[in-house]
Structures are given as structure tokens and as C-alpha cells.
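First up is the structure itself, then whatever we jot down about it.
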Amino acid sequence: MGILNVTPDSFSDGGRFDSPNIALQQARTMAEEGAAIIDIGGESTRPGADDVSTQHELDRVIPVIEAVREVTDVPVSIDTSKPAVMREAVGAGASMINDVCALQVEGALQAAADLDVAVCLMHMQGQPRTMQEAPGYGDVVVEVTSFLKERIAIAVAAGIHEDKLVVDPGFGFGKTHEHNVALLANLRQLQDCGRPVLVGVSRKSTLGELTQRDVHERMPASVAAAVIAVMGGAQIIRAHDVGATVDGLRVARAVRESSTDQ
Ligand code: 9MG
């Protein structure tokens with residue numbers, strides 16, 4: 001899943017793709033490099049980011065979704081928590097909802113049920129503005145898994161087909177570096193959710209902490225983390241550097257398929 005942020009303030013590429021033409025070129029490049037999904041977002045979820053109105057978010061993402069749909073068959077995912085944006089984005093051609101709030105915003109469950117598209121339910125402790133202030137867990141892996149199971153049950157009860165759901169532990173969303181490392185090390189436990197696992201660790205601050213690298217120097221660490229995630233059972237990797245990640249994942253997939261202890 002290639003990341004296309006059409007925002008002025010995302011943590012690693014804020015402002016780079018916020019003109020539709022540049023965004024379109026980036027989408028083309030990601031498609032050529034092997035992205036299987038292009039995830040388009042118009043509101044930054046980095047800690048402390050400003051809220052964006054529904055209209056502003058729509059103005060950012062809808063022209064880009066329409067343009068991307070014209071130039072590639074690669075499926076588009078809409079990265080949003082707002083029901084109105086979900087509806088308009090799917091109307092414009094998106095076929096997946098990537099919701100960091102796991103459909104907890106009022107009206108989001110109904111929107112996803114009505115739209116009948118794939119949905120990624122992500123775990124987050126707290127809200128983006130404050131989530132990194134004092135994250136705390138007894139056992140992070142157990143608590144994240146149990147939250148995701150509960151959200152699956154709630155989504156299914158709201159009329160969303162279970163086979164449309166994907167789960168995501170939400171690296172960096174209300175988690176310390178230790179929590180993120182524990183989740184990556186024990187990712188296989190998320191298989192208990194019974195749904196494909198999506199992992200987004202690309203360029204995140206835990207990788208900066210581990211490597212002492214600035215955000216734009218974290219591509220090797222991001223690929224390493226993506227490979228570890230796939231070896232731990234992840235089926236979708238959300239990444240900025242699509243070409244390098246695809247290479248890493250080809251190696252990981254070949255090794256995983258050849259392993260005798262799945
Ligand atoms: C939008 N966004 C930022 N980070 C993310 C992550 O780790 N997973 C998902 N699903 N979305 C994310």
C-alpha cells in the first residue's frame with residue numbers, strides 16, 4: 001500500500017504532494033513500482049496535527065482520487081475517519097476505507113456498511129493530538145488484539161461483511177518505542193483476529209530512535225521492519241518507498257513460502 005498524503009503537514013512528506021498534478025505523478029510512480037493499493041489521505045494523523053474540516057479534506061482528496069482513477073487501475077484507499085469523506089471518496093472511485101479510528105466516529109460504521117468496501121480497522125490509544133503524551137498498557141499485544149477483535153464484532157453487528165475487514169496494530173498511535181517493538185516482535189498473535197493484518201511502520205519515529213536517523217534517512221530501516229512484519233504474518237504493508245519495499249517483500253515472501261514452520 002503506497003502512501004499518498006495530500007496534506008501540507010504530514011510527518012515525513014507534508015506539502016510534497018498537495019498539488020493534484022504532483023500527487024498524480026507520485027501515484028503513477030507508486031503504481032509502476034508495484035503498489036497494490038494507493039492510500040490517499042487529506043488529514044495528517046501525526047501527533048499534534050491540526051484538525052481539518054470535512055470540506056477542506058474533501059477538497060484535497062476528491063480531485064486526486066478522480067485523477068488517480070483515470071491513470072491507473074491500482075485500487076485506491078481513502079485514509080479518513082470522517083463518514084462524509086468515506087462516502088464521497090468511494091463515490092469518486094475509492095474501493096477501501098483506511099480508518100485510524102476503527103469506525104468509532106459517529107456515522108462511520110453506517111457509512112462503511114452502506115458502502116460495502118474493504119475497511120482497515122486500526123488500533124489507537126487516545127487521540128492523534130495527545131496520543132503520545134503517556135501511552136500505557138498492561139500487555140500491549142494482548143490489549144491491541146482484544147480491541148481489534150471487539151471492533152470486528154461491532155463492525156459485523158453493524159452490517160459490515162467480515163471478509164471486507166483488515167486489522168492494523170497502529171504503530172506509533174498511542175505507543176512508546178518499546179510498545180512498537182513488542183508489537184512487531186509478536187505480530188503473529190494478531191492472527192487471532194482471523195483477518196489479514198496491515199502494518200504501517202514506514203519512516204516512523206521508532207525507526208528513528210533505533211537507528212538515530214532523520215525521517216528522510218529511514219528507508220533501509222523501514223524496509224527491514226516491513227520484512228519483519230511480513231515474516232510475522234502481515235499481508236499488507238503501508239509504505240512511502242514503494243520500490244524498495246516491494247523488493248524487500250519479494251525476498252520475505254519467497255522465504256516465508258519456503259518455510260516449514262508457518
Ligand atoms: C494513516 N496512517 C498513518 N499511519 C498508519 C498506519 O500505521 N496504519 C494505517 N492503517 N494508517 C495509517
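The first residue of the sequence shown is numbered 1, and numbering continues consecutively from there. Read the numbers this way: they start at 1 and go in the same order the structure lists the ligands and their atoms.
- When side chains are defined from C-beta on, Arg253 counts as touching Glu257, because their heavy atoms get closer than 4.5 Å.
- Contact annotation: Cys120 has at least one heavy atom less than 4.0 Å from an atom of ligand 1.
- Contact record, Arg188 with Met231: NH2-O, 2.6 Å, taken as the closest heavy-atom pair.
- In the vicinity of Asp79, heavy-atom distances shorter than 4.0 Å reach the ligand 1 atoms 1 (C).
- Protein heavy atom closest to atom 11 (N) of ligand 1, with residue, atom name and distance, is Asn98 ND2, 3.1 Å.
- Heavy atoms of Val100 found under 4.0 angstrom from ligand 1 belong exclusively to the side chain.
- Within ligand 1, counting atoms from 1 as listed, the ones closer than 4.0 Å to a heavy atom of Gly200 are 7 (O).
- Heavy atoms only, all atoms of each residue included: Leu207 and Ala225 are closest at CD2-CB, 4.1 Å.
- Residue Met1 comes nearest to Ser77 through the heavy atom pair CE-OG, 3.9 Å, listed as atom of the first residue, atom of the second, then distance.
- Residues Val144 and Gln189 have side chains not in contact (no heavy-atom distance under 4.5 Å, counting atoms from C-beta outward).
- If you check which protein heavy atom lies closest to atom 3 (C) of ligand 1, you get Arg238 NH1, 3.2 Å.
- Between His123 and Phe173 there is no side-chain heavy-atom pair separated by less than 4.5 Å.
- Using a 4.0 Å cut-off between heavy atoms, Leu198 contacts ligand 1 through its side chain alone, with no backbone atom that close.
- At the top of the distance list for atom 6 (C) of ligand 1, counting protein heavy atoms only, stands Lys204 NZ, 3.5 Å.
- The one candidate from Asp114, Leu103, Asp116 that meets the side chain to side chain contact (heavy atoms under 4.5 Å, CB included) condition with Ile160 is Leu103.
- Applying the 4.0 Å criterion to heavy atoms of Met122 picks out, from ligand 1, the atoms 6 (C), 8 (N), 9 (C).
- Closest heavy-atom approach to atom 10 (N) of ligand 1 among the candidates Ile237, Asp168, Ile236: Asp168.
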